[in-house]
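In what follows, a single structure is set out as structure tokens and then discussed.
Given the structure is predicted, the values throughout are model-derived calculations rather than measurements.
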Amino acid sequence: MAGMGDALPVTPVSLDQAVVREFLKYARLLAARGYIHNTLGNVVMRAPHPDYPHGVAYTKHAEISLEEMGAENIVVTDIPTSRILHGERITSIGHNLSREILRLRPDIHATVHVHDDAIIAFLGCGAFREVKMLSLDLPFVLGKPIHYVPAHVDVEADVSGVKDFIHATNSVVLVGHGITTLGRTLSEAYHRLNSLTAEVRRNIAAEMLAARHGTVPQYRSEAEVQAMYRHAEAIIYPKRAERVMRDD
């Protein structure tokens with residue numbers, strides 16, 4: 001009989017080739033948009049498995065970038081723990097955050113984490129503390145407010161605080177570090193990332209143009225933004241083509 005301190009047996013997991021193909025597709029899309037600069041940045045996809053109640057997490061191992069990787073660089077881990085179920089290489093420390101998000105949010109099946117130049121510079125310049133809404137599309141695409149994690153808080157090394165904010169957001173900005181976006185699908189997480197980084201660039205352009213012309217950027221009001229969050233599902237995934245912004 002195994003002792004209580006012995007490791008639990010691990011059920012081998014075979015790669016689902018459809019998940020692998022989708023993973024590599026979005027790895028290439030992220031690289032093509034210029035999000036990937038080095039080994040940091042990752043994608044995590046949840047896949048169901050009969051022996052694991054939370055499913056299993058597909059990701060890449062550490063020490064290689066999404067831009068360089070192939071199918072041979074995919075590893076599969078448990079979600080509540082860091083146990084590797086397929087592959088031999090360890091993941092980066094950032095995988096801790098994604099696993100905790102998947103554990104706490106059963107509605108979420110994918111995360112994307114990148115170190116975006118624009119948002120790191122925007123929040124790091126000392127003039128701005130948040131991304132404000134200029135466009136109509138960002139609140140609709142995100143569905144929930146952005147959550148900002150201060151630069152001195154490391155939620156990748158210590159995920160204990162994630163439970164306090166993750167249910168109220170679909171996009172986490174680690175100030176001075178990067179962005180993690182959440183999605184029910186990898187496509188949704190990708191769209192949320194692209195929309196957020198686009199809005200950062202719009203903020204930068206609007207602030208520069210306003211300073212040049214002595215005007216003030218016309219950001220959306222808090223009431224407008226909250227209304228867009230409320231109606232996000234009907235706008236992005238409509239079931240009818242009219243009256244979608246009505247509360248009735």
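- Residue pairs meeting the salt bridge (charged side-chain N to carboxylate O under 4.0 Å, His left out) criterion with at least one partner in residues 180-195, sequence neighbours excluded, are R184-E188, R184-E233, E188-R192.
- Minimum heavy-atom separation, N42 to S92: ND2-OG, 4.3 Å.
- If you take CD1 on I146 and CG on L196, they are separated by 5.0 Å, rounding to the nearest 0.5 Å.
- Here the shortest heavy-atom pairing between A168 and P145 reads O-CD, 3.6 Å.
- Partners of Y148 under the side-chain hydrogen bond (donor to acceptor under 3.5 Å, both in side chains) rule, at least two apart in sequence or in another chain, do not exist in this structure.
- Taking both residues in full, the closest heavy atoms of A110 and I108 are given as O-CG2, 3.5 Å, listed atom of the first, atom of the second, then distance.
- Residues satisfying the side-chain hydrogen bond (donor to acceptor under 3.5 Å, both in side chains) criterion with H115, sequence neighbours excluded, are H113, H177.
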Fill in: Steps toward side-chain contact (heavy atoms from CB on, under 4.5 Å) verdict (I90, E63)
CA-CA 9 Å; I90 66 169; E63 302 176 3; 6.0 Å; no
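- Within the structure, salt bridge (charged side-chain N to carboxylate O under 4.0 Å, His left out) pairs that include any residue of residues 147-171 do not occur (at least two apart or interchain).
- In terms of heavy-atom proximity, P217 sits nearest to A206 at CG-O, 4.0 Å.
- Atom CG of N194 and atom OG1 of T181 lie 8.5 Å apart (nearest 0.5 Å).
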Fill in: Verdict with reasoning, V13 to D51, per side-chain contact (heavy atoms from CB on, under 4.5 Å)
CA-CA 10 Å; V13 171; D51 296 326; over 6 Å; no
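- With hydrophobic clusters built from ILVMFWY side chains whose heavy atoms lie under 4.5 angstrom apart, L102 does not share a cluster with V43.
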Worksheet item: Stepwise, does the side-chain contact (heavy atoms from CB on, under 4.5 Å) test hold for L123 with I119?
Response: CA-CA 6 Å; L123 297 178; I119 198 165; 3.9 Å; yes
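- Taking the side chain as every heavy atom from C-beta outward, E22 and Y58 never approach each other to under 4.5 Å.
- No continuous path of hydrophobic side-chain contacts links I101 to V56 [ILVMFWY only; heavy atoms under 4.5 Å].
- R103 has a carboxylate O that lies under 4.0 Å from a charged side-chain N of E100, or vice versa, which qualifies the two as a salt bridge.
- Checked against side-chain hydrogen bond (donor to acceptor under 3.5 Å, both in side chains), S65 has the following partners two or more places apart in sequence or in another chain: E68.
- Under the salt bridge (charged side-chain N to carboxylate O under 4.0 Å, His left out) criterion, no residue pair touches residues 39-50, with sequence neighbours excluded.
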Going by atom type alone, with no hydrogens or angles, which donor-acceptor pairs under 3.5 Å involve a side-chain atom of residues 125-138 and a protein atom two or more places apart or on another chain?
residue, atom, partner, partner atom, Å
S135, OG, D137, OD1, 2.5
S135, OG, E199, OE1, 2.7
S135, OG, E199, OE2, 3.4
S135, OG, R202, NH1, 3.1
D137, OD1, R202, NH1, 3.3

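- Applying the ring pair (Phe, Tyr, Trp, His ring centres under 6.0 Å) test to pairs two or more places apart or on separate chains, those with a residue in residues 187-218 are Y26-Y190.
- Among residue pairs with one or both ends in residues 111-124, none qualify as salt bridge (charged side-chain N to carboxylate O under 4.0 Å, His left out); sequence neighbours excluded.
- Between the R28 side chain and the L66 main chain, a donor and an acceptor come within less than 3.5 Å of each other.
- Taking the side-chain hydrogen bond (donor to acceptor under 3.5 Å, both in side chains) definition, one finds that S195 meets it with nothing, sequence neighbours left out.
- Sorted by first then second residue, the side-chain hydrogen bond (donor to acceptor under 3.5 Å, both in side chains) pairs that include residues 71-80, not counting sequence neighbours, are H61-N73, T77-H95, D78-T81, D78-R83.
- The two atoms that bring L186 and F23 nearest to each other are CD2-CA, 4.4 Å, heavy atoms only.
- Under the ring-ring contact (aromatic ring centres under 6.0 Å, His included) criterion, Y229 pairs with no residue at all, not counting sequence neighbours.
- More than 12 heavy-atom neighbours from other residues, nucleotides or ligands sit within 6.0 angstrom of CG on L104.
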